[in-house]
Amino acid sequence: MKKLISQVLPSLTEHGASYKILSSKKDAEIEGLEFDSRAVKKNTLFFALPGTHTTGNKFIAGAVKNGASAVIFQDELSQQEIDSYPDVVFVKVDSSRFAMSPVASSFYDNPSKKLVVYGVTGTEGKSSTVSFLWQLLRFSGYKAGFISTVEYSLGGDAVANPEHQTTPEATIVQRELYEMVCNGCTHAVVESSSHGLSGKLNRLGDVLFDCGIFMNVTLEHLEFHGTYEQYKDDKANLFRALDKHDHVKIIDGKETKVPCCGIVNLEDKAAPFFADCTKEKVYGFTTDEEKSKNNERAKIQTVKIENVISTKDEINFSLGEVNVKANLPGAFNSYNVTAALLAVSHTTGISIAQLSSKTEKILPVKGRMTVINEGQDFELIVDYAHTPSSFETIFPPIRKRCSGKMICVFGSGGERDLTKRPLQGEIAAKYCDVVILADEDPRNEDPETLLRMIADGCFKAGKKEGENLFIICDRPKAIRKAFSLAGKNDIVLLLGKAHENSIIYKDRVMKYDEIAEAKAALSELK
């Protein structure tokens, strides 16, 4: 891909953003977009982004040295410094991060205009719903790609996502959508985090969504959004986006009108709020007759999930007269599968009955209620649950079927919402016989201080340190402690890391694979 910067800058004014070229050079050829100066190559447009601890303007010299032909920046940069790079175009904007989305979309020829695009948002259930939706599209004969926390696909088989980010920066989102188009995809599923949907970060600001799916919104990421109301409002930008275009896409070179809709989990009290953020049709789902009344908008058409039977290996349920079976653990997956079924059905015209014949082929997502069996006496489950609401979802059904002890290992992310920590501890202590607190991603926080904030909730629920509560920062050691306490009929849960490939500390990033570490620890028991 090659373009002149003069060809992409007008996209800023189209979005109400102003810009000013401050260099003597007014145009340049660009062949790539980067926000990391270390990744810059010849003829790259470099976005100097503001950071938490520094400013991107400090990295402009390195970007130019590596071959940047143009720089988009904000804040102050001296004219003397600009003039010292006569072969580089310097463009000043109010927000270089906001500018990335329209510029990237324009550079990659607005790829979401050529795809049917689904967005999935929610505190929990996003990754599984994205994967199930993508799989159902593929089983139905559509070539599709997806972007998600755990894995992604640009049109081929799913591959592991090496990053911790759920929704990547706008340059990456637009590039991956463009690659999906180049690979022949007609459909794309995008896991849409609250950060990605936030107007401040604008990562998804220029993705033309055709279907928005809302799973839930609970206490999370308040360190960024500030309040629950702002968190909810930022997530709802997904549904507002449905009204921003006419849903006429160029699919396989042909102009196609895409049926547009929103899908909401009516068991979440915020469902009516999300539904009211779009004028498009909205479909709701629920297992509860009373909660189906959580529908202040007559336009929401409700689908009832009934007769849910869940084992550790599969779920069975019905949607009206249609029976659905999937080889997935956990009753909560009935919500994820139903959301995926509704999305595919209402955008493609394929009936739920037809699609239900394909659900048995759905594969689970790595690190989502993943059972590890190496011949040990106890049951071992790895899951990504890391919020109070996700604990309330997974613990009760496991507690109900556990005839022995429940032992859990988890922590909490550093530099993230503090209010959830004691709640995590209190809920875990309520359901589990033994709680072991271990590093998740301490980042710049002191690991033990962080874990003791969780322990406060455990103490409130009656746990005693050294008896049924242990604080072991070193996660591999914590896992081995859990296994040493486990016996026949016990269940051990390793929570919070799941698919992630590292533990982030203040001064280092430690490579880490929860499933591999668990298997290594189990081998030591033999």
Side-chain angles (χ1 to χ4, degrees), residues 118 120 122 124-142 189 211-216 259 261-269 271-272 274-275 281-295 297-365 368-369 371 389-390 392-394 396-398 400-401:
Y118 306 79
V120 182
E124 284 106 29
K126 295 190 300 295
S127 295
S128 292
T129 303
V130 165
S131 176
F132 300 165
L133 205 168
W134 172 73
Q135 291 182 63
L136 284 174
L137 285 168
R138 300 233 299 180
F139 298 152
S140 300
Y142 295 96
V189 191
C211 177
I213 301 171
F214 164 68
M215 300 305 294
N216 46 58
C261 67
I263 295 165
V264 297
N265 174 9
L266 285 171
E267 294 187 16
D268 191 289
K269 64 182 180 180
F274 279 75
K281 289 181 180 179
V282 177
Y283 302 88
F285 59 88
T286 179
T287 61
D288 191 310
E289 188 65 45
E290 281 301 309
K291 289 179 180 178
S292 71
K293 296 174 184 176
N294 189 10
N295 180 357
R297 186 178 187 234
K299 192 177 178 182
I300 301 179
Q301 298 182 36
T302 303
V303 174
K304 186 81 181 300
I305 303 171
E306 298 178 295
N307 307 316
V308 180
I309 300 174
S310 170
T311 69
K312 66 178 183 179
D313 300 313
E314 67 177 40
I315 52 170
N316 290 269
F317 60 95
S318 57
L319 299 174
E321 296 181 356
V322 179
N323 294 318
V324 180
K325 178 182 178 182
N327 297 312
L328 303 166
F332 59 86
N333 267 319
S334 62
Y335 298 90
N336 302 330
V337 172
T338 297
L341 285 167
L342 290 173
V344 175
S345 179
H346 290 299
T347 54
T348 66
I350 303 173
S351 70
I352 296 290
Q354 288 175 284
L355 290 170
S356 67
S357 66
K358 308 176 191 303
T359 56
E360 284 191 63
K361 297 191 290 182
I362 290 176
L363 298 176
V365 178
R368 299 306 190 269
M369 295 300 288
V371 176
S389 57
S390 61
E392 289 281 15
T393 298
I394 70 166
I398 295 174
K400 188 175 181 180
R401 67 177 178 80

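Each residue takes its place number in the sequence, starting with 1.
Taking CG of Leu355 as the reference point, atom CG of Leu341 lies at 6.0 Å (rounded to 0.5 Å). With rounding to the nearest 0.5 angstrom, the CG atom of Asn336 is 10.0 Å from the OG atom of Ser131. Atom CG of Leu266 and atom OG1 of Thr286 lie 6.0 Å apart (nearest 0.5 Å). With rounding to the nearest 0.5 Å, the separation of OG in Ser310 from CZ in Arg401 is 8.0 Å. Considering SG of Cys211 and NZ of Lys281, their distance stands at 13.0 Å, rounded to 0.5 Å. Interatomic distance, Ile213 CD1 to Phe274 CZ, rounded to the nearest 0.5 Å: 13.0 Å.
Looking at heavy atoms from C-beta onward, Ile263 lies out of side-chain contact with Val282 at the 4.5 angstrom threshold. Using a 4.5 Å cut-off on side-chain heavy atoms (C-beta onward), Ile315 and Ile309 make no contact. Looking at Val308 and Asn316, their side chains never come closer than 4.5 Å, going by heavy atoms from C-beta outward. Taking 4.5 Å as the limit, some side-chain heavy atom of Phe139 sits within range of a side-chain heavy atom of Ile362. Gln135 has its side chain within reach of Leu363: a pair of non-hydrogen atoms, C-beta onward, lies under 4.5 Å apart. Side-chain atoms of Leu342 and Phe285, non-hydrogen and from C-beta on, do get closer than 4.5 Å to each other.
Screening residues 354-365 for side chain to side chain donor-acceptor pair (under 3.5 Å) gives Ser351-Gln354 as the qualifying pairs, with residues at least two apart or on separate chains. Sorted by first then second residue, the ring pair (Phe, Tyr, Trp, His ring centres under 6.0 Å) pairs that include residues 302-337, not counting sequence neighbours, number zero. The stretch residues 317-326 participates, sequence neighbours left out, in these side chain to side chain donor-acceptor pair (under 3.5 Å) pairs: Asn307-Ser318.
The ring pair (Phe, Tyr, Trp, His ring centres under 6.0 Å) test applied to Tyr283 returns His346, not counting sequence neighbours. Listed by chain and residue number, nothing satisfies the side chain to side chain donor-acceptor pair (under 3.5 Å) test with Ser334 (two or more places apart in sequence, or in another chain). Contacts of Ala340 classified as side-chain contact (heavy atoms from CB on, under 4.5 Å), with partners at least two apart in sequence or in another chain: Phe132, Leu133, Leu136.
Within the 3.5 Å criterion, the main-chain N or O of Gly125 finds a donor-acceptor partner in the side chain of Thr129. Within the 3.5 Å criterion, the main-chain N or O of Ala343 finds a donor-acceptor partner in the side chain of Thr347. Within the 3.5 Å criterion, the main-chain N or O of Pro329 finds no donor-acceptor partner in the side chain of Glu314. In this structure, the side chain of Lys126 engages the main chain of Gly122 through a donor-acceptor pair within 3.5 Å.
Closest of all the heavy-atom pairs between Val365 and Ser127 is CG2-O, 4.1 Å.
A donor-acceptor contact closer than 3.5 angstrom is absent between the side chains of Asp268 and Asn265.
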### Message
Apply side-chain contact (heavy atoms from CB on, under 4.5 Å) to residues Ile305 and Leu319 and explain how you reach the verdict.
### Response
CA-CA 5 Å; Ile305 303 171; Leu319 299 174; 3.7 Å; yes

### Task
Please lay out, stage by stage, how Tyr142 and Thr348 fare under the test side-chain hydrogen bond (donor to acceptor under 3.5 Å, both in side chains).
CA-CA 10 Å; Tyr142 295 96; Thr348 66; 4.5 Å; no

#### Entry: Residues Glu267, Thr287; criterion side-chain hydrogen bond (donor to acceptor under 3.5 Å, both in side chains); working and verdict
CA-CA 8 Å; Glu267 294 187 16; Thr287 61; 2.6 Å; yes

